Amino acid sequence: MIQRPRGTRDFGPVEMAKRRKVESAMREACAVFGFGEVVTPTFEHAELFTLRSGQNVVDEMYVFRDKGDREMALRPEITASVVRFYVNEMSNFPKPLKLYYVGNCFRYENPQSGRYREFFQLGAELIGTKNPESDAEVIALAVNCIRSAGLENFVVRVGHIGILKAMVNKEIGDEKLAGEVLHMIDKEDWDAMGEMFDARALPRQLFDKIAAIADMKGELELLNNLDQSEATGYLQELFGVLKLYGIEDCLIDMGIVRGLDYYTGMVFEIDAPRLGAEKQIMGGGSYTLSELFGGEPVFSTGFAIGIDRVVLALEAEREIAVPAQLDAYVVPAKDDMRKYAFGIVARLRSQGLRADVDLMRRSMSKNLKYASSVNARYAVIVGKEEMAKRMVTLRDMKSGEQRQVMADDIASEIRKS
RNA sequence: GCCGGGGUGGGGUAGCGGUAUCCUUGGGGACUGUGGAUCCCUUGACCCGGGUUCGAAUCCCGGCCCCGGCCCCA
């Protein structure tokens, strides 16, 4: 027997119904915000991803050489592809450009709860503008996606890496060292950072200042404790717009560093607290990527939502309700009614109902049992007596009530309920 | 890459040195025009590969996969 590759999943009909429901709700949110869908290739030149990402991402990429000896990679994320697409073909589209995508991504990691080697993301990029209102727009979309998916318990944290990045770069000078410090901030590894500061004889004052800023997590008012700067003013303005959008429960978290390579300003994350270790369901921020791929510098803001994690978080709250798979199951009472039954089911289907008919030549008793076990809403029983009157017996599978209706009226009768 | 805990029919389980239990599900029948009840029949499993042994689902080693955690991240 051939097993499914490690870290991948098969999704059955019931699970897919739930996933599609969640996905459609988030797609609709994107559409409502004026974002248009794009689809990019599942694999790209490996270089597209190695250019912008650090060694970490490269190590966990699925890379292979194709038959033309090109180095290709399964996409570990989709933002890079969208930006490439933008640079290649959309750079003179009217701004702001609003794009969203849904797709599978691949990372060679060790699977655990909420982490898979093939996973699914929905993301959006707002290209061509950088100001508090465009960042707020993107945050509002992310929050609306999560909300319309039906999730209730989640935490939005917004930060700005400009402050720390500028401070660290300025005070430390050495670019590589500064990068390491930012990394430690991201991990909140104060011990390691302290040791490093001692070893390099860096001023203790700077350490305290960095730690104090990175530790600022909470309400917007926290910013009042910080020296007024471009970044604090930016965030205050951003929160003001969010409020106008009806989003008031965002927290400040100046400790978010995220990837640290390409994010330049606002950064934000959303957690679903009940998820455990892998509780982050979304990450995003503003960046400038296009010049990396040979385009003009363009400011963008984007995010990516982990669909798998959203589904997990939703199911931790309550079961995702999906409609019954079948509206009607047509059962012939006797063998000589079978042809009539096919005609009935064909008509129901053409009227847009989810309808099915016995294909196993089963007895009426077995057919009703089957209809029950697949959760059909109605059994449409066709027999000799009914056929003579161009009627059928419509049986409500839940209540057991049944009545005769004209064959022409089945769909409208079912739609009534 | 590292650390725990696991892998017995489709799902859930018992057995833990003598080739497998029970429940459920699937198919058929009792029931030839009325289901979710009962009864009967039937399909179907010891993750893979080595080793120890007269004999391995059971013990040992390696691998694969699953669950959870670290790292990293969605």
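Not measured: the values here are computed from a predicted model. In what follows, chains carry the letters A, B, and so on, assigned in the order in which the sequence lines appear, proteins first and then strands, with residues in each chain numbered from 1.
Scanning for side chain to side chain donor-acceptor pair (under 3.5 Å) contacts around A:Tyr101 gives an empty result, with sequence neighbours left out. Qualifying side chain to side chain donor-acceptor pair (under 3.5 Å) partners for A:Gln402, counting only residues two or more places apart in sequence or in other chains: A:Arg395.
Side-chain atoms of A:Gln112 and A:Glu278 form a donor-acceptor pair, as typed in the model, at a separation below 3.5 Å. A:Asn104 and A:Glu118 form a side-chain donor-acceptor contact under 3.5 Å, judged by distance and modelled atom types alone.
At a cut-off of 3.5 angstrom, the base of B:A74 holds no donor-acceptor pair with the side chain of A:Glu269.
Counted within 6.0 Å of NZ on A:Lys18, heavy atoms from surrounding residues, nucleotides or ligands total more than 12; the atom is thus considered enclosed. More than 12 heavy atoms of other residues, nucleotides or ligands shown are found within 6.0 angstrom of CZ on A:Arg4.
Separating the CD atom in A:Glu15 from the CD atom in A:Glu315 is a distance of 7.0 Å, to the nearest 0.5 Å.
Contacts between residues 307-331 of chain A and RNA chain B, defined by a heavy-atom separation below 4.0 Å, involve A:Arg309, listed by number.
In this structure, A:Glu125 atom CD and B:A74 atom C1' are separated by 14 Å, rounded to whole Å. We find that CZ of A:Phe120 is positioned 17 Å from C1' of B:C73, with the value rounded to whole Å. In this structure, the CZ atom of A:Arg9 is 11 Å from the P atom of B:C66, given to the nearest Å. Rounding to whole angstrom units, CD of residue A:Gln112 and P of B:G1 are separated by 15 Å. Distance A:Glu278 CD to B:G68 P: 10 Å, rounded to the nearest Å. B:G68 atom C1' lies 12 Å from atom CZ of A:Arg6, rounded to whole Å. Rounded to an integer number of Å, the gap from A:Asn110 CG to B:C71 C1' is 10 Å.
A:Gly7 comes within 4.0 angstrom of the backbone, heavy atoms only, and of no base. Using a 4.0 Å heavy-atom distance criterion, A:Tyr116 is classed as a base contact. Using a 4.0 Å heavy-atom criterion, one finds that A:Arg361 contacts no nucleic acid atom at all. As judged by a 4.0 angstrom heavy-atom cut-off over every strand, A:Gly114 is placed among the base-contacting residues. Within 4.0 Å of A:Gln280, counting heavy atoms only, lie sugar-phosphate atoms of the nucleic acid but no base atom.
Between A:Arg115 and the phosphate of B:G68, there is no side-chain N or O to OP1/OP2 separation shorter than 4.0 Å.
The P atoms of B:A14 and B:G6 are separated by 13 Å, rounded to the nearest whole Å.
For the pairing with A:Arg65, the side chain to side chain contact (heavy atoms under 4.5 Å, CB included) check across A:Glu71, A:Met72, A:Arg70 returns one residue only, A:Glu71.
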Base-contact (B) and sugar-phosphate-only (S) positions in nucleotides 39-46 of chain B, heavy-atom cut-off under 4.0 Å, - elsewhere
--------
Collect all protein-nucleotide pairs involving nucleotides 32-37 of chain B in which both atoms are nitrogen or oxygen and the distance is under 3.5 Å.
unit_1: B:G33; atom_1: OP1; unit_2: A:Lys334; atom_2: NZ; d: 3.4
unit_1: B:G33; atom_1: OP2; unit_2: A:Ala333; atom_2: O; d: 3.4
unit_1: B:G33; atom_1: O6; unit_2: A:Lys384; atom_2: N; d: 3.1
unit_1: B:G33; atom_1: O6; unit_2: A:Glu385; atom_2: N; d: 3.1
unit_1: B:G33; atom_1: N1; unit_2: A:Glu386; atom_2: OE1; d: 2.9
unit_1: B:G33; atom_1: N2; unit_2: A:Glu386; atom_2: OE2; d: 2.8
unit_1: B:U34; atom_1: O2; unit_2: A:Arg395; atom_2: NH1; d: 3.1
unit_1: B:U34; atom_1: O2; unit_2: A:Gln402; atom_2: OE1; d: 3.2
unit_1: B:U34; atom_1: N3; unit_2: A:Gln402; atom_2: OE1; d: 3.4
unit_1: B:U34; atom_1: N3; unit_2: A:Gln402; atom_2: NE2; d: 2.9
unit_1: B:U34; atom_1: O4; unit_2: A:Gln402; atom_2: NE2; d: 3.3
unit_1: B:G35; atom_1: N7; unit_2: A:Arg395; atom_2: NH2; d: 2.5
unit_1: B:G35; atom_1: O6; unit_2: A:Arg395; atom_2: NH2; d: 3.0
unit_1: B:G35; atom_1: N1; unit_2: A:Met397; atom_2: O; d: 2.7
unit_1: B:G35; atom_1: N2; unit_2: A:Ser372; atom_2: OG; d: 2.9
unit_1: B:G35; atom_1: N2; unit_2: A:Met397; atom_2: O; d: 3.3

Polar pairs (N or O, both sides) under 3.5 Å between protein and nucleotides 6-10 of chain B?
none

Given the rule in the ring-ring contact (aromatic ring centres under 6.0 Å, His included) test, do A:Tyr370 and A:Tyr329 qualify, once you have shown the distances and angles that lead to the verdict?
CA-CA 9 Å; A:Tyr370 173 80; A:Tyr329 183 73; 5.1 Å; yes
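Annotation: side chain of A:Lys243 is not in contact with side chain of A:Phe239 (no heavy-atom distance under 4.5 Å).
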